[in-house]
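Beneath this line is the structure, given in structure tokens, with notes to follow.
Keep in mind it's a predicted model, so treat the numbers as computed, not measured.
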Amino acid sequence: METWIRQVGVADDTERLKSEIERVEAVIAAVKGRAAENRLLARSLGRLKELLYDVDDMVDELDYFRLQHQVQGGTIALDNQPQGMDLNGGAQLVDGSRDNSGVPNRNDRKKRSKAWEEFSITEEDAEGKPLKAECIYCHTVVRCETTKGTSVLHNHLKSVNCKRKRAAIEQTPIPSSDDVGAQNGATISPHDSDRRKRMRSDEVLAHKTAANTLLWDKADICNRIQQATHQLQKAISEVQKLHGLGSVPSWNLCQNTAADPCRRTSSLIQCKMYGRDDEKNSIIEHMRGDKPDSVIVLPIVGIGGIGKTALAQIIYNEPTVKSMFDYRIWIWVSSNFDEVRLTTEMLDFVSQEKCVGISSLAKLQEILVTHVASKRTLLILDDVWDDIDNSRWNKLLAPLRSENAKGNVIIVTTRKLSIAKRIGTVLPFELGSLQNEYFWLLFKTFAFGDENYKEHQSLTIIGQQIAKNLQGNPLAAQTAGMLLRDDLTTDHWRNILKKEKWKSQQLNGGIMHALKLSYNELPYYLQQCFLYCSIFPNNHQFLSNELVCIWISQGFVKCSHSTERLEEIGQNYLTDLRNSGFFKQVETKDPTLGDQTFYVMPPLMHDFARLVSGTECAVIDDLACREVLPTIRHLSILTYSAYHEDQYGNVLRNEKFEGKLRRVVNSMRKLRTLVLIGNYDYYFLQSLQGIFQKAQNLRVLQISAAYAGFGYSACNLVNSTHVRYLKLSGKEDNDVLPEALSKFYHLQVLDIGLDICSTVPNGMNSLISLRHLVASKAVYSSISSIGKMTSLQELPDFKVDSRASFEIAQLQSMSELAELSVSQLEKVTTREEAYGAKLREKLHLEKLHLSWANNLPQDKYDNDMNFEPCLSKEVLEGLEPHHNLKHLQISGYFSGTSPDWLVSTVSVTCLQTLHLEDCRELQVLPSLERLPLLTKLKLRNMWKVRQVSVPSLEELVLIEMPELESCSCNSVRDLNLSLRVLLIDRCRVLKVFPLFESCAKLIIEQKSWLSGLSELTVHDCPNLTISHTLPPSSSVCRLSITGVSTLPGMNGSTNGELTIMGYHNCGWDIFSGSPDKPTQLDDNFLSFHHLWALTSLQLEGYRTISISLGGFRQLVSLKTLEIRRCSKVFFSSDVLPEHSCEDMADANFNALPSLKHLEIFRCGITGKWLSVMLRHARALEELDLWYCNQILGLLMEETGSRSLNHTSMPRASSASNPDGLVRIPSNLIPSLKKIIIKWCNELTFQRDKDGFSVFTSLEKVTVLGCPKLIQSLVHKFENNDQRNGRWLLPHSLVELEISGSPETLQPCFLEDYNCLKKLQIGYSSSLKLLQLHSCTALEELVVDGCESLAALEGNFTCLKELVLRDNSGLESLQLCTCTALEALTIEDCASLAVLEDFGALRGLRYLDVFRCPGLSHCLERLSSQVYELCAGLERLGTDDYSFLATSFCKCLTSLRRLEFCDRQGKVRRMTDEQ
């Protein structure tokens, strides 16, 4: 750029401006840190910052002229010189003329009044005298004719509106660790085209010419540079005056919020402490000490408001602590670590005499020693801020370390871990957030004054929402609680929640102030990056590459070395912020996003960022569409809640939101970022017109709406001069990018989406600054003369064509490429033509894909003679890349031999990945052993390769290699150790693979076989012999085996899961060879390596399977065993019926020691063999039986029984078939937590009616489709017997779900109390009476499909949700005890017409009534009897539209959601009254 500046004749002015910017850097460095304590200095620095932004804009516009000059081939339009003359007096052609009538003449003039410094002239008369001027603070235009002097200017500056705007500017955060000049990048340098800005005063001109050639006005540019230089000089002088001459008393410059007397603490306990018992007890234990003659220093460290002082107060007043010390001293230190003051305050605690007038530290300490000698003293130093050096610290503590010291203890609370580590004699006690249950009790104490408050349910719900936002910080709970306690009404609480008033900046010492300490430690460039992210929504997932590109676009990323790419530096920035706790790395569950890294700002950090960045960053949404400050430069508009879709997917208009948006448009002049997130419609675009017209300095524009009626057209509205980042959404394929886009010469990132195939304008190649284009491959291949876009970093699809502007020589000048894919190389005819791409000179190129069109099927390929193997080799020789290349893929290569640079000379010695695909003639592979850094090799569809020799790799992939017979390696041992991923697929003649052949030898040599392997896939390789069973190691996280003759089908994944399938692998000889022969899961089959780590095993799809429990003994970590769809399951001869029980009781024969979950699904397993498994599963917690028709009975063994014989005759229904009886061993009584039995039609419970009640730990029981089992568990007596229908259940049961209940059902328990919280009864046509008097803890009750139900009885004081569905016989419902009910759903209860004591449901929030014709009249009648019936109802669902006109609905003042639905899901027309 410097060369161009000299050519156009503005070098002298720019050099003076550059010099002033350097002075700014020096001045800012001199006053660093003082602005926060001095409003006048802060105002001057804020003004200086605004000037630097203007300089940025001006320099950026100057650079835009340079780029325009470059794109247009040396032609530059002149405004103040005769056409045809260049700036040096030479002739030059100019395209077009310029109308200069609307542009004011800005002659440099001396303004006597300082008031002119606060305005920019917008209109002048013919003599150049000012007529109108715009205030630089509030942008108000005032008339300033000379007849009125400057009184108009002065009066405007005194106006209320201007004062408020100026005050907002003065609050702009000042850099704490770097200079303001560096932040804006206003440095004139050849490498600064990505961070130069233009002066705001010429915004109108820029907008008018955005889509045309921006005309050059040398006089105007020079005047603006001179004016900017003059303004910088004035601003610097003002800062120097405030800093150097001391116009403000020095004490006023040094005030510190940390020393605010309002923050002073004392030893008195303020409130009850929650959740710190462990920390308290640990500290007290340290205080006891085993060295009574030493001084113990115990630091307590944590962020502000986390509870450090509260913990110290509790310890200070603990009775046991009082008895340990003679003196206890509490001192609030703060930032004023004054040894004289602190010693004087110590004396106040130990001496009755006042040391008035003594200022000598030595004298004071002598007096202190006389009092504390031979006395044990506890000293609390609370809220230490100063980073005290060791000498000052030792000086203060000298009296406590005297010869007669007696086990003194010092507790220090501080926010700085560095202080805690240096002065502590033990490790610091670091306090974190309170656990949820303790925090909720603390919050209730502050908000209600009672931790047990339960009266106002709606306030409790709102309070829980607020508490969740406070992130476990006690001080935040106290602040919010005090605000809430002022008015215990839902309106007040909802207002607090909506406005988040606990985040007020006026709350000194709160959580936000604490986070600012960490923030101040960051370099300023990291502060910028962090604060910028506040414009995105909370929990927004940032894609690392996108975020870094946005930072680069704003000029935040600085390049310190010319060899470093900005993207690499930006990634380092993000890493630093993550390491400092300002971001956390997350994993995405979206498989379409691939292996990309995402980052999220923790919620408290996000809140803090929004608080600190409030003068430059803003967010508009439907909840907070308030006025935007004139200083705002970065803005996001969130429309998630403002716009909704109809049933057809159309976005519904929101006129109210549009109106709010228009009202804040006037403050958008300085905007540099506009991010739109969410859905919106065409009318929303209309409301943005004002923003685009006024915001002429935009750098970043992101429009990410899926249903927007606009997208690409936004390019026509934006000033192209400064934009560097554009993210736009097209509606559909073939959308046309506007021609105006070709004028965005500064554009660095254009993101139009990977899924849309858009049409690019003819001048797309004019985007010479573009670094990243996020688009479909078709977009790349359609750009003509793409070689002009020399800044591109990635080119994922360059299609070579013989047409002009698409030849391979286009790549010649694209030296910045880091990723390149070249296709259709068959159209390159000579080595010399290939040399034209100059791949060998692209030193940044790391990833390269070279492709020929060779996708014919084999039968057509053999007959096609259009390809020339020798020619393709010549072309590939000419495409030799730079030796820095790391990843290479070659596809469709015709030749039978590899190029010399991969075989003989081997220049790509940095290669890490080699991928060869569809190279059907290739027989001689590259010299892999000469690639020392190679870690990944992928060969696919290589028809003529018969043998492969591989080095020690981490990843090896062989797919569709029809002639491959053997794969060898240089060192089996090295490959065995290094391999992490192995995939072999459709290599049907492959017989030899070294690791599979040598596995036995490795084991004999005591070498681990594939110990580091994480992924193993072998598919359709029938001739491959694997002599050792799989998986080979505990590190395997993905395993898939099919079509291997010596192994069954297997599928495994992370967390130690393994599935072995019988019917998926027809090539497995054991299965397909003899269908009647059972599959033997014996020691040989299960002799996998590292099966001790297997946690889940699924056996599926075997006709007959024989299980060896002896083989299962090595599955010591197996927690889940599923046997599914196996026609016949039995155990092999190592477990014989006549001695199985004795052997199974032996501790040395425990096959399934860790099994927690056993599931049998559609299997032909008998009760006898299931009993065998249960006796081995001594830790079983869950038993699932589905469709097991051969199991006929369940029998509990007596406690202590070991000799029951499986051949003994069971009772009752299983007498004719003893194999159908399952004996449940008594050792499962304390462990079993869940029993799920479904669709076992003949199953019954044997012997007594105690049933499941003996299981002391049982938490969940599900019995569905087992009518005989329910009947065998429920007592049946005469109809009038009170014991009729009793079902004895364990007191530990939490959830019960059944179907097929008898006429009467009354669950009961052995103990007086129980834990049953959820009960579901479904499809019980016989059930008439449901008695739940014993279920006193019930919170959720669902009764579904009980058509005969006539009465529902019970004490439902804890019930929160009641669902009655399809109970046609139910006529009335008693609700008098349902005082805690929150949700009531009644559907298809046609006879229900009475809701007794419905008025007792004071806490009801959700009510759904569908297809219950009798209830509308019932509720109407009740509403006339009970005042404010259901006043707290928030949601109402109904299908009876006439119900809406009743008095009941008119009383629903809290209703938020109303749902209509008839049986067909349609909404009928409603009357006006409804």
Side-chain angles (χ1 to χ4, degrees), residues 263 265 268-280 300 302-314 413 415 430-515 538-539 602-608 610-611 623 1339 1358 1360 1380 1382 1402-1403 1405 1432 1434 1454:
R263 301 182 60 255
T265 65
L268 298 181
I269 297 174
Q270 303 295 316
C271 64
K272 180 180 177 181
M273 187 179 68
Y274 296 88
R276 300 294 190 197
D277 289 340
D278 290 342
E279 292 91 341
K280 182 192 73 173
I300 302 175
I303 65 173
I306 203 64
K308 303 181 296 296
T309 298
L311 178 58
Q313 289 169 337
I314 292 293
T413 69
R415 298 176 182 183
E430 299 186 48
L431 300 188
S433 299
L434 283 178
Q435 296 179 5
N436 291 338
E437 59 270 25
Y438 294 120
F439 187 71
W440 175 236
L441 293 175
L442 177 66
F443 178 85
K444 286 196 294 182
T445 301
F446 287 128
F448 300 112
D450 181 7
E451 66 179 55
N452 298 314
Y453 182 89
K454 294 182 179 179
E455 294 180 14
H456 206 311
Q457 188 67 22
S458 59
L459 290 185
T460 299
I461 294 170
I462 299 172
Q464 288 173 339
Q465 296 174 354
I466 294 174
K468 185 178 179 181
N469 293 333
L470 302 179
Q471 305 296 319
N473 186 272
L475 182 60
Q478 179 182 0
T479 306
M482 293 300 102
L483 294 171
L484 296 168
R485 199 170 178 179
D486 289 341
D487 186 1
L488 296 181
T489 63
T490 54
D491 288 341
H492 176 68
W493 281 44
R494 283 176 179 150
N495 186 50
I496 297 293
L497 174 62
K498 180 180 179 180
K499 296 184 178 180
E500 298 182 324
K501 292 186 177 180
W502 62 87
K503 295 181 183 178
S504 171
Q505 297 186 52
Q506 307 304 320
L507 303 175
N508 291 331
I511 180 61
M512 295 302 153
H513 184 68
L515 295 179
N538 194 13
N539 291 319
L604 275 179
M605 287 296 184
H606 186 268
D607 294 343
F608 170 76
R610 285 203 171 172
L611 194 66
L623 300 177
E1339 296 181 359
C1358 295
K1360 295 182 179 180
E1382 297 179 2
R1402 296 292 183 183
R1405 299 170 59 200
E1434 298 177 10
S1454 300

Worksheet entry | Lys280: salt bridge (Lys or Arg N to Asp or Glu O under 4.0 Å) partners, not counting sequence neighbours | Glu318
Worksheet item: With sequence neighbours excluded, what pairs up with Arg610 under the salt bridge (Lys or Arg N to Asp or Glu O under 4.0 Å) test?
Response: none
Discussion item. So which atom in Ile466 and which in Ala480 form the shortest heavy-atom distance, rounded to 0.1 Å?
Written reply: CG2-CB, 4.3 Å
Worksheet item: Is Trp440 close to Gln464 at the side-chain level, that is, under 4.5 Å between some pair of heavy atoms?
Response: yes
Worksheet, complete the sentence: For residues 430-451, the salt bridge (Lys or Arg N to Asp or Glu O under 4.0 Å) pairs (sequence neighbours left out) are Lys272-Glu451
Practice prompt. Considering non-hydrogen atoms only, spot the tightest contact between Gly472 and Ile306 and give its length.
Written response: O-CD1, 4.3 Å
Practice prompt. Keeping to residues at least two apart or across chains, list the ring-ring contact (aromatic ring centres under 6.0 Å, His included) pairs with something in residues 461-487.
Written response: none
Practice prompt. Decide, yes or no, whether a salt bridge links Lys1360 with Glu1382 under the criterion of side-chain N to carboxylate O below 4.0 Å.
Written response: no
Response to the item:
Between Ala477 and Leu442 the two heavy atoms that sit nearest each other are CB-CD2, 4.4 Å
Response to the item:
Between the CG atom in Leu441 and the CG atom in Asn436, the distance rounded to the nearest 0.5 Å is 11.0 Å
Worksheet item: Can you tell me how far NZ of Lys308 sits from CD1 of Ile300, rounded to the nearest 0.5 angstrom?
Response: 9.5 Å
Item to complete: Look up atom OG1 in Thr445 and atom CG in Asn452, then write down how far apart they are to the nearest 0.5 Å.
Response: 8.5 Å
Response to the item:
Applied to residues 461-497, the ring-ring contact (aromatic ring centres under 6.0 Å, His included) test, sequence neighbours excluded, yields Phe448-Trp493
Fill in: For Gln471, side-chain contact (heavy atoms from CB on, under 4.5 Å) partners two or more places apart
Pro603, Leu604
Worksheet item: Just how far is it from atom CG of Leu497 to atom CG of Leu483, taken to the nearest 0.5 Å?
Response: 12.5 Å
Discussion item. How close do Ile462 and Arg494 get, counting heavy atoms only, and between which atoms?
Written reply: CD1-CG, 3.5 Å
Worksheet, complete the sentence: Smallest heavy-atom separation, Leu484 atom then Leu488 atom, equals O-CD2, 3.9 Å
Worksheet item: What closest approach, in Å, do Pro474 and Leu434 show between heavy atoms, and which atom pair accounts for it?
Response: CG-CD1, 3.8 Å
Practice prompt. Please indicate whether Tyr453 has more than 12 foreign heavy atoms, meaning atoms of other residues, nucleotides or ligands, lying under 6.0 Å from its OH.
Written response: yes
Discussion item. I'd like to check Glu279 versus Leu431 (side-chain heavy atoms, cut-off strictly below 4.5 Å). Are they in contact?
Written reply: yes
Worksheet item: Is there a donor-acceptor contact under 3.5 Å from the side chain of Gln313 to the main chain of Leu268?
Response: yes
